[in-house]
There are 2 protein chains.
Amino acid sequence: MELNADLQKYIGKRISEIRSKNNQTQQDIEFLTGIDSAEVSKYESGKRNLTLKTLMKFASALQVHPKELFDFEFDIKKYRVEE
Amino acid sequence: MELNADLQKYIGKRISEIRSKNNQTQQDIEFLTGIDSAEVSKYESGKRNLTLKTLMKFASALQVHPKELFDFEFDIKKYRVEE
């Protein structure tokens with residue numbers, strides 16, 4: 001399994017969920033992070049490579065602890081380090 | 001405050017804590033991740049720039065959910081997106 005691809009999909013889903021819960025639009029996130037709203041959409045669907053820095057921009061814009069972005073079912077044992 | 005620098009310090013501390021709890025040495029982590037043990041030491045003290053990929057190598061070597069690496073007190077409200 002592709003760890004990073006899967007992970008980005010899960011994190012993207014969390015970004016989308018928290019944003020909706022906060023009643024924030026993708027345009028709001030663009031305003032707060034400087035990331036174009038079309039790119040925000042791609043991050044939310046896991047189609048962009050996430051860096052830790054970008055992750056923290058989202059955490060800050062959503063005003064959540066970064067661990068909230070990792071709050072999903074995930075079995076690390078299925079993945080090997082090399083992947 | 002420097003978000004990424006602080007964050008790396010906190011994550012490094014978590015890596016170190018979990019590794020000790022697991023009775024794993026820095027050499028064990030080198031064996032599992034391919035990251036030189038001297039580098040592991042630097043990551044644990046927050047002196048290396050973490051990428052999401054590296055973070056996941058640590059999660060996999062420590063066999064923990066990635067959110068465990070973010071399990072620390074952290075007030076995102078103190079940080080601005082630009083930092």
Side-chain angles (χ1 to χ4, degrees), chain A residues 1-15 17-19 22 24 28-36 39-40 43 46-83, chain B residues 1-15 17-19 22 24 28-37 39-40 43 46 48-83:
Chain A
M1 271 179 259
E2 294 184 36
L3 194 155
N4 283 304
D6 283 0
L7 191 78
Q8 284 180 188
K9 209 172 56 184
Y10 294 138
I11 295 174
K13 199 168 163 237
R14 285 298 293 150
I15 292 171
E17 285 170 356
I18 298 166
R19 182 178 59 71
N22 286 357
Q24 288 173 295
D28 292 333
I29 305 303
E30 172 177 337
F31 178 77
L32 291 165
T33 61
I35 300 166
D36 189 87
E39 288 295 304
V40 172
Y43 279 112
K47 288 174 188 154
R48 277 284 171 281
N49 282 326
L50 267 172
T51 64
L52 199 59
K53 195 172 174 179
T54 303
L55 203 75
M56 294 311 297
K57 283 187 184 179
F58 281 114
S60 180
L62 299 167
Q63 290 282 283
V64 292
H65 189 297
K67 74 179 169 188
E68 294 293 324
L69 302 180
F70 288 86
D71 191 17
F72 42 73
E73 294 288 322
F74 187 77
D75 185 1
I76 194 79
K77 293 179 180 65
K78 283 189 192 160
Y79 298 85
R80 296 177 54 195
V81 169
E82 295 76 30
E83 288 171 311
Chain B
M1 273 179 253
E2 293 184 37
L3 193 155
N4 284 303
D6 283 0
L7 191 79
Q8 284 181 188
K9 210 172 55 184
Y10 294 136
I11 295 174
K13 198 167 165 238
R14 285 297 293 150
I15 293 171
E17 285 170 354
I18 298 167
R19 183 178 60 71
N22 286 357
Q24 288 172 296
D28 293 332
I29 305 302
E30 173 177 338
F31 178 77
L32 291 165
T33 61
I35 300 166
D36 190 88
S37 61
E39 288 294 304
V40 172
Y43 279 113
R48 278 283 171 281
N49 282 326
L50 268 172
T51 63
L52 198 60
K53 195 171 175 178
T54 304
L55 201 76
M56 293 312 295
K57 284 187 183 178
F58 281 114
S60 181
L62 299 167
Q63 291 282 282
V64 292
H65 189 297
K67 74 179 168 188
E68 294 293 325
L69 303 180
F70 288 87
D71 191 16
F72 43 73
E73 293 288 322
F74 186 77
D75 186 1
I76 193 78
K77 294 179 180 64
K78 282 188 192 161
Y79 298 86
R80 296 177 53 193
V81 169
E82 296 76 30
E83 287 171 313

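Every chain is numbered from 1 and lettered A, B, ... according to where its sequence line falls, protein lines coming before strand lines.
Residues forming a salt bridge (charged side-chain N to carboxylate O under 4.0 Å, His left out) with B:Lys13 (at least two apart in sequence, or on another chain): B:Glu17. Here B:Tyr10 pairs with B:Asp6, B:Phe72, B:Phe74 under the side chain to side chain contact (heavy atoms under 4.5 Å, CB included) rule; sequence neighbours left out.
The shortest non-hydrogen separation linking B:Ile76 to A:Gln63 is CG2-C, 3.6 Å.
Note: A:His65 NE2 to B:Glu73 CD = 7.0 Å, rounded to the nearest 0.5 Å.
When each of B:Thr54, B:Thr51, B:Leu50, B:Asn49 is paired with A:Leu52, the side-chain contact (heavy atoms from CB on, under 4.5 Å) condition holds for B:Leu50 and for no other.
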